[in-house]
Number of protein chains: 4
Amino acid sequence: MASRGVNKVILVGNLGTDPEVRYMPNGNAVANLSLATSESWKDQQGQVQERTEWHRLVMYKRLAEVAGEYLAKGSQIYVEGKLQTRKWQDQQGQERYSTEIVVDTMQMLGGKGEGSGNGTPRPSNPDARQQQTGVPQSRLNQRQPAPPMAEPDFDFDEDLPF
Amino acid sequence: MASRGVNKVILVGNLGTDPEVRYMPNGNAVANLSLATSESWKDQQGQVQERTEWHRLVMYKRLAEVAGEYLAKGSQIYVEGKLQTRKWQDQQGQERYSTEIVVDTMQMLGGKGEGSGNGTPRPSNPDARQQQTGVPQSRLNQRQPAPPMAEPDFDFDEDLPF
Amino acid sequence: MASRGVNKVILVGNLGTDPEVRYMPNGNAVANLSLATSESWKDQQGQVQERTEWHRLVMYKRLAEVAGEYLAKGSQIYVEGKLQTRKWQDQQGQERYSTEIVVDTMQMLGGKGEGSGNGTPRPSNPDARQQQTGVPQSRLNQRQPAPPMAEPDFDFDEDLPF
Amino acid sequence: MASRGVNKVILVGNLGTDPEVRYMPNGNAVANLSLATSESWKDQQGQVQERTEWHRLVMYKRLAEVAGEYLAKGSQIYVEGKLQTRKWQDQQGQERYSTEIVVDTMQMLGGKGEGSGNGTPRPSNPDARQQQTGVPQSRLNQRQPAPPMAEPDFDFDEDLPF
DNA sequence: TTTT
DNA sequence: TTTT
């Protein structure tokens with residue numbers, strides 16, 4: 001690995017849904033997560049304004065499995081990763097672009113509190129390991145047309161660029 | 001300003017084109033820039049692979065003016081900002097999404113070298129200040145369908161959330 | 001403000017003690033905090049090793065007050081800031097150096113759980129506003145000789161370099 | 001490797017001296033570098049003020065060798081790493097502390113310009129590989145009492161915590 | 001579209 | 001000690 005440039009994203013936020021984990025034919029896991037960050041400020045009328053930004057996260061391999069086991073809707077996490085924009089075709093055959101954060105570092109935040117996704121694994125989905133097709137319709141998709149899940153087009157084990 | 005969460009992007013790369021600067025009705029500047037970051041690695045055949053990622057940057061106000069004066073195609077810069085995904089309609093009336101980095105900090109890098117965009121202002125575009133309508137067709141648009149330029153939907157002077 | 005360079009620190013950790021807040025003659029607050037980050041790994045005997053790093057944080061003005069009101073020993077926080085090394089004299093008149101993180105952004109993390117320092121202000125110290133001298137002997141100081149608290153040597157209101 | 005917390009430093013600056021590289025008994029390289037970041041601002045008299053911060057960097061193994069070959073006094077670099085404070089004894093037997101940035105990512109910046117430390121290796125020091133004892137008296141030491149060079153106290157090859 |  |  002070498003690089004000409006820096007491409008780094010740092011986010012702290014809460015998950016909007018449970019992570020979606022599935023397995024590649026070679027057994028590696030891929031997780032998709034939706035993370036909210038929000039900011040609020042006062043406009044000049046003194047009214048508090050709020051804006052929430054939703055981020056698509058992708059995790060691979062062991063990190064994806066950890067996400068599936070320990071994170072849930074509402075979990076607060078810190079992530080580091082890089083920006084990646086993928087091209088895909090919608091149902092009309094139109095080219096579309098989707099920007100994701102490919103996560104390489106993740107920290108669970110918060111205490112042992114309820115819903116904080118910390119400490120104890122959540123019950124695993126018994127169907128997940130078979131779930132190699134059939135992307136589940138997440139709630140997210142009602143908001144933004146769904147790109148297919150991220151599928152690295154290189155040999156998953158050896159060619160990962162990170 | 002307050003916030004529940006962290007939304008931070010850090011990039012070092014080179015501009016693919018000159019910045020596009022235009023002015024809002026209230027006189028504030030907005031700049032759009034396209035920044036490349038690339039990474040290379042060896043696949044398992046020992047072949048060097050390279051991938052370039054293109055990032056859309058948006059700058060406002062004084063920072064946009066500095067970009068227009070000092071940066072050019074090829075300039076190497078460091079930027080810090082936040083991710084923002086905007087919704088827009090393409091010509092078929094379809095909803096589309098575009099993810100941009102709203103820059104709040106910029107550093108020009110590199111020495112006195114040619115094209116490094118350092119030190120001396122580049123010749124300003126005499127038409128720029130009148131260019132309040134008519135988004136120029138940038139070369140960028142040949143690759144990815146063009147979202148309209150970023151237009152903050154809040155009062156530009158007072159309501160900026162950053 | 002301008003700058004030639006980037007000097008940025010990002011930390012997520014827990015406070016080792018309650019923040020120490022005092023007030024400058026001009027009424028501005030200064031807070032000192034001690035933040036732990038830790039990492040663990042397996043050595044080649046398969047033994048888990050752990051290392052904790054302690055960071056000295058300094059906050060000014062409104063941020064210092066917020067720290068004093070909402071943070072406590074054990075609070076988990078995210079901070080962004082810059083490195084600054086100060087020179088001071090120990091009791092033998094020797095020059096010493098202390099490296100601190102001057103914080104400009106802080107986020108409280110974790111839920112409403114006990115000790116998470118979130119949501120409700122902790123009881124304020126009624127003596128704090130008078131506490132312009134007499135730095136309390138924190139537990140920290142038993143570990144590392146105490147530098148004097150950070151005192152900006154510029155006009156506090158106008159000359160802040162950030 | 002796991003971790004409870006985040007400990008991240010991001011710097012862009014120029015080297016004050018050539019890197020000092022030496023080799024451990026096991027053949028691994030260690031490099032010490034001194035990096036300047038500076039910021040300037042206007043005080044309330046309208047006078048431009050400038051402050052330079054000096055950072056001690058430590059690199060290990062291949063990264064240390066790259067630094068020794070490609071970087072020189074004046075080189076502009078981007079680095080990512082973590083804060084680490086080491087305890088050492090000065091000549092009076094007093095405990096002292098030195099805070100360093102242990103670098104894990106480095107990018108050379110700037111173009112083909114002179115002194116930019118880019119592209120061509122600088123002439124290597126033929127004595128360096130024998131230089132396992134006898135820390136050279138760098139110019140650095142005139143300003144701040146010299147801690148011994150960083151020596152990881154774990155097995156260098158296997159136990160690195162990063 | 002950049003850069004090495 | 002760097003750099004602009």
Side-chain angles (χ1 to χ4, degrees), chain A residues 2-7 85, chain B residues 11-20 32-41 48-57 70-79 107-120 137-144 146, chain C residues 2-7 85, chain D residues 11-20 32-41 48 50-57 70-79 107-120 136-144 146:
Chain A
S3 109
R4 174 98 189 134
V6 172
N7 176 358
T85 298
Chain B
L11 303 172
V12 173
N14 297 276
L15 297 185
T17 64
D18 288 352
E20 293 168 5
N32 284 255
L33 303 91
S34 179
L35 185 87
T37 58
S38 48
E39 56 185 345
S40 57
W41 69 99
V48 172
Q49 300 289 333
E50 176 156 356
R51 174 205 285 262
T52 294
E53 192 68 36
W54 288 97
H55 309 271
R56 282 177 192 280
L57 311 185
Y70 290 92
L71 302 182
K73 175 175 168 171
S75 296
Q76 189 185 34
I77 57 173
Y78 167 98
V79 294
Q107 287 280 311
M108 293 177 279
L109 302 175
K112 315 90 193 177
E114 285 308 288
S116 80
N118 244 31
T120 25
Q137 283 304 106
S138 87
R139 212 80 85 351
L140 259 185
N141 302 349
Q142 298 175 3
R143 309 220 152 203
Q144 190 169 339
Chain C
S3 106
R4 176 99 188 133
V6 172
N7 175 357
T85 297
Chain D
L11 303 172
V12 173
N14 297 276
L15 297 186
T17 65
D18 288 353
E20 292 166 6
N32 284 253
L33 303 91
S34 179
L35 185 86
T37 57
S38 48
E39 56 185 344
S40 57
W41 69 98
V48 172
E50 177 156 355
R51 173 205 286 262
T52 294
E53 193 67 36
W54 287 97
H55 309 271
R56 280 177 194 280
L57 311 185
Y70 291 92
L71 302 182
K73 175 175 168 172
S75 296
Q76 189 185 34
I77 57 174
Y78 167 97
V79 294
Q107 288 279 312
M108 293 176 279
L109 302 175
K112 314 91 194 180
E114 284 309 287
S116 80
N118 243 30
T120 26
Q137 281 305 107
S138 84
R139 213 81 84 350
L140 259 185
N141 302 349
Q142 298 175 3
R143 309 221 152 203
Q144 192 169 337

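Both backbone and side-chain heavy atoms feed into the values below; hydrogens, waters and symmetry mates do not. Numbers restart at 1 for each chain; the letters A, B, ... are given by sequence-line order, proteins then strands.
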Next on the checklist: What is the separation between atom CD on B:E50 and atom P on E:dT2, rounded to the nearest whole Å?
Outcome noted: 12 Å
Item to check | Qualifying residues under side-chain contact (heavy atoms from CB on, under 4.5 Å), relative to B:T52, sequence neighbours excluded | outcome: B:A36, B:S38, B:E50, B:W54
Item to check | Exam field: side chain D:D18 to backbone D:A72, donor-acceptor pair closer than 3.5 Å | outcome: no
Item to check | B:I77 CD1 to E:dT1 C1', straight-line distance once rounded to whole Å | outcome: 14 Å
Item to check | Value in whole Å for how far the P atom of F:dT1 lies from CD of D:E20 | outcome: 14 Å
Checklist entry - C:N7 has an atom CG; how far is it from atom P of F:dT3, in whole Å? => result 18 Å
Item to check | Atom pair distance, as rounded to whole Å: CD in B:Q76 and P in E:dT2 | outcome: 15 Å
Next on the checklist: Expressed as a whole number of angstroms, how long is the span from B:E53:CD to E:dT2:P?
Outcome noted: 16 Å
Next on the checklist: Side chain of C:R4, heavy atoms from C-beta onward: which of F:dT2, E:dT2, F:dT4 has the nearest atom to it?
Outcome noted: F:dT4
Next on the checklist: What I want to check is whether an N or O donor and acceptor connect the side chain of D:T37 with the base of F:dT2 at under 3.5 Å.
Outcome noted: no
Next on the checklist: I need the CG-C1' distance between B:L11 and E:dT3, as an integer number of Å.
Outcome noted: 15 Å
Checklist entry - Can you find a donor-acceptor N/O pair under 3.5 angstrom joining the side chain of D:T52 to the base of F:dT3? => result no
Checklist entry - When you measure from the side chain of D:S34, which nucleotide among E:dT3, E:dT1, F:dT1 comes out closest? => result F:dT1
Checklist entry - Please give, in whole Å, the distance from F:dT4 P to B:L109 CG? => result 12 Å
Item to check | Donor-acceptor contact present, side-chain B:E20 to main-chain B:N32, <3.5 Å | outcome: no
Item to check | D:T17, nearest nucleotide to its side chain (from F:dT2, E:dT2, F:dT1) | outcome: F:dT1
Item to check | With D:E53 via side-chain hydrogen bond (donor to acceptor under 3.5 Å, both in side chains) - residues at least two apart | outcome: none
